Chemist: 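There's a structure below that I have some questions on.
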Amino acid sequence: MAKDKKPRRPRAETPKGFRDYFGAEVTERAQMLSQIAEVYRAHGFEALETSAVETVEALGKFLPDVDRPNEGVFAWQDEGGDWLALRYDMTAPLARVAAQFRNDLPSPYRRYTMGPVWRNEKPGPGRFRQFYQCDADTVGASSVAADAEICGMLADALEAVGIERGDYIVRVNNRKVLNGVMEVAGVLDPTDPEKFAEERGIVLRAIDKFDKFGEEGVRALMGKGRMDASGDFTKGAGLSDAQADVVMGFMNAKRDTGAETAARLRELVAGSDLGAQGVDELEYIAQILEAQGYGPDRIVIDPSVVRGLGYYTGPVFEAELTFEILDEKGRKRSFGSVAGGGRYDDLVKRFTGQEVPATGVSIGVDRLLAALRAKGRIGGEAAGPVVVTVMDRDRMGDYLAMASELRRAGIRAEVYLGNPKNFGNQLKYADKRQSPVAVIQGADEAERGVVQIKDLVLGAKIAASASVEEWKSQPAQFEVPLAHMVAKVQEILARNGGN
């Protein structure tokens, strides 16, 4: 008779494309998001928390040829036959909320939200299927003053979390200007949006790769086409040199001041009403921001910002960190973008049939945290709690009372709850917890009403390098009356940088 196979144990591993976050990482993210939330609230934005699950219909993500949501979302079919999915961003849920509660919400409605989103995409280095987003949006305001406010608020948020002025720049452009350039270049017909769609798509994708291919590569894609180093050929848009000059003029239109840039853009879109409207909006945004004190050291008009080509309908903006870091090969490079957004007046229309103006920004939480670590603003060794050791199981109430007294003074503290038989294991536990201080009280100390306070940080330094004489002159353990316990712990924490 065959022996029954033992049940297979589950593998203790995270799913591919996901990761776990521990201690300091979670705390640092929470603190950063709290600082950003304070800025948003100061601007009058209200918090919103939506469900992590939306209907796929609300998300608007269907493959055209199969009865199944597309690969970009994690989706499943419920018992009633409806397709549900984890949200892939924070904007689609906002559009649903704005439509569902339009009779209850104030208009304009200003909200911020923070939380995880999920994308069913192939993971890679630094690219995960679950990540955090931090969004702020205004729904129902047609004036580009709302866009200007978002840009200023973004600058304030970056400074609030520790990105100093001079280490970032918020760049602003307008899709209407780009569309005006397309019209002048002859690849956009306002009376027939489908006309030249293929050529326009090639041009827009080429513009989006300006940083990667450079002017020569983009020109090739706007003309006959481009062949890369591997020999692969990409078909071009077939534009003439004159047409390409118009588009490249747009990409190189940035001047020393916002006014000069706007003037150059107005030359490029001459003859396009839509393009002129976009330049008007950029000038108005620059005027509003200047009045609030947001100078060109913080926010600039920059035609090179091209994002969300099929999504945004007006102003677009991007926050770039300008300081240099070393890449994986030790080469210097700018840190790059950590936030972006723009005006999207068509999204809520999917639900209501009526155009509802909206604008917003999304901060890449993980990238901003990485930037703060690169600047040394966060990421140092985080101190753990003070550990109250246990010398006598029967006196657990006394030890818990000591921890409570420390907490009332604002000090993180815990009582060791493992097996107290081996005192050395308690100190090893404190080391693993990166505890700065251990509190010790045995029967003798209890009778005399004192405690031993062990400075674990100083003790480690002495053990690593001090001579016998230095060890004697710098004791790392102190006996103090129980009534002085909190004061002595506070003194040690202040010397070691807190807990």
Side-chain angles (χ1 to χ4, degrees), residues 9-10 12-14 19-31 378-499:
R9 292 192 181 97
E13 62 182 24
T14 53
R19 59 161 298 194
D20 300 310
Y21 297 85
F22 295 90
E25 292 179 294
V26 177
T27 301
E28 289 166 355
R29 180 175 62 206
Q31 290 175 342
I378 59 173
E381 289 295 325
V386 171
V387 171
V388 178
T389 61
V390 175
M391 305 298 289
D392 184 350
R393 289 180 200 261
D394 295 334
R395 297 186 51 247
M396 184 60 76
D398 294 336
Y399 298 129
L400 289 168
M402 291 180 197
S404 295
E405 186 177 355
L406 290 166
R407 294 187 200 110
R408 283 193 292 270
I411 299 169
R412 292 181 68 206
E414 66 172 74
V415 176
Y416 179 74
L417 295 177
N419 187 343
K421 187 174 182 180
N422 188 326
F423 182 71
N425 286 343
Q426 297 194 49
L427 295 183
K428 288 180 182 178
Y429 171 81
D431 286 339
K432 186 168 285 190
R433 293 284 280 127
Q434 296 182 306
S435 303
V437 173
V439 176
I440 306 164
Q441 189 189 63
D444 175 63
E445 286 90 0
E447 287 181 10
R448 294 187 289 117
V450 299
V451 293
Q452 299 286 337
I453 308 295
K454 188 173 182 64
D455 184 338
L456 298 176
V457 177
L458 178 59
K461 291 178 180 177
I462 292 174
S465 60
S467 65
V468 174
E469 290 74 19
E470 289 173 324
W471 180 81
K472 290 179 179 178
S473 64
Q474 299 183 61
Q477 187 163 316
F478 311 87
E479 182 176 284
V480 299
L482 179 60
H484 298 168
M485 175 188 68
V486 170
K488 188 63 180 179
V489 171
Q490 287 174 326
E491 175 190 326
I492 294 173
L493 293 178
R495 183 169 65 237
N496 293 331
N499 81 325

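We use all heavy atoms of the structure for the numbers below, so side chains are in, but hydrogens, waters and symmetry mates are not. All of these numbers come straight from a predicted model, not from anything done at the bench.
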Chemist: Do V451 and E445 make a side-chain contact, defined as non-hydrogen atoms from C-beta onward lying under 4.5 Å apart?
Modeler: no
Chemist: Is the closest side-chain heavy-atom distance between V387 and Q426 below 4.5 Å?
Modeler: no
Chemist: Do V439 and Y399 touch side chain to side chain, with heavy atoms closer than 4.5 Å?
Modeler: no
Chemist: Roughly how far, to the nearest 0.5 Å, is the OG1 atom of T389 from the CD atom of Q452?
Modeler: 10.0 Å
Chemist: With the side chain counted from C-beta on, respond yes when E25 and R19 share a heavy-atom pair under 4.5 Å apart, and no when they do not.
Modeler: yes
Chemist: Assess the residue pair E479 and R448 against the criterion (side chain to side chain contact (heavy atoms under 4.5 Å, CB included)); give the C-alpha distance rounded to whole Å, side-chain angles, the decisive distance to 0.1 Å, and a yes or no.
Modeler: CA-CA 11 Å; E479 182 176 284; R448 294 187 289 117; 2.9 Å; yes
Chemist: Which heavy atom of L456 sits nearest a heavy atom of A430, and at what distance?
Modeler: CD1-CB, 3.8 Å
Chemist: Would R408 and E405 pass as an ion pair if we require N to O under 4.0 Å?
Modeler: no
Chemist: Has R407 got a side-chain atom pairing as donor or acceptor with A413's backbone, closer than 3.5 angstrom?
Modeler: yes
Chemist: Calculate, to the nearest 0.5 Å, the distance between atoms CD1 and CD belonging to I411 and Q490 respectively.
Modeler: 4.5 Å
Chemist: Got a donor-acceptor contact below 3.5 angstrom from the Q441 side chain to the V450 backbone?
Modeler: yes
Chemist: List the atom of A403, the atom of V415, and the distance in Å for their closest heavy-atom pair.
Modeler: CB-CG2, 3.7 Å
Chemist: For D455 and N496, run side-chain hydrogen bond (donor to acceptor under 3.5 Å, both in side chains): C-alpha distance rounded to whole Å, both residues' side-chain angles, the deciding distance at 0.1 Å, then the answer.
Modeler: CA-CA 9 Å; D455 184 338; N496 293 331; 3.1 Å; yes
Chemist: Salt bridge or not between D398 and R395? Use side-chain N to carboxylate O under 4.0 Å.
Modeler: yes
Chemist: Considering all heavy atoms of both residues, which atom of I440 and which atom of F423 are nearest to each other, and what is their separation?
Modeler: CD1-CZ, 3.6 Å
Chemist: Hey, what do you get for CG (D431) to OH (Y429), rounding to the nearest 0.5 Å?
Modeler: 12.0 Å
Chemist: Quick check: do K454 and V437 have side-chain heavy atoms less than 4.5 Å from each other?
Modeler: no
Chemist: Does any N or O in the side chain of S435 come within less than 3.5 Å of the main-chain N or O of G384, such that one atom is a donor and the other an acceptor?
Modeler: no
Chemist: Is the shortest side-chain heavy-atom distance between I492 and P436 below 4.5 Å?
Modeler: no
Chemist: Find the distance between CE (M396) and CG (L417) and round it off to the nearest 0.5 Å.
Modeler: 6.0 Å
Chemist: Measuring from atom CZ of F478 to atom NZ of K488, what distance do you get when rounded to the nearest 0.5 angstrom?
Modeler: 4.5 Å
Chemist: Assess whether side chain to side chain contact (heavy atoms under 4.5 Å, CB included) is satisfied between N419 and R393, documenting all intermediate values.
Modeler: CA-CA 9 Å; N419 187 343; R393 289 180 200 261; 3.1 Å; yes
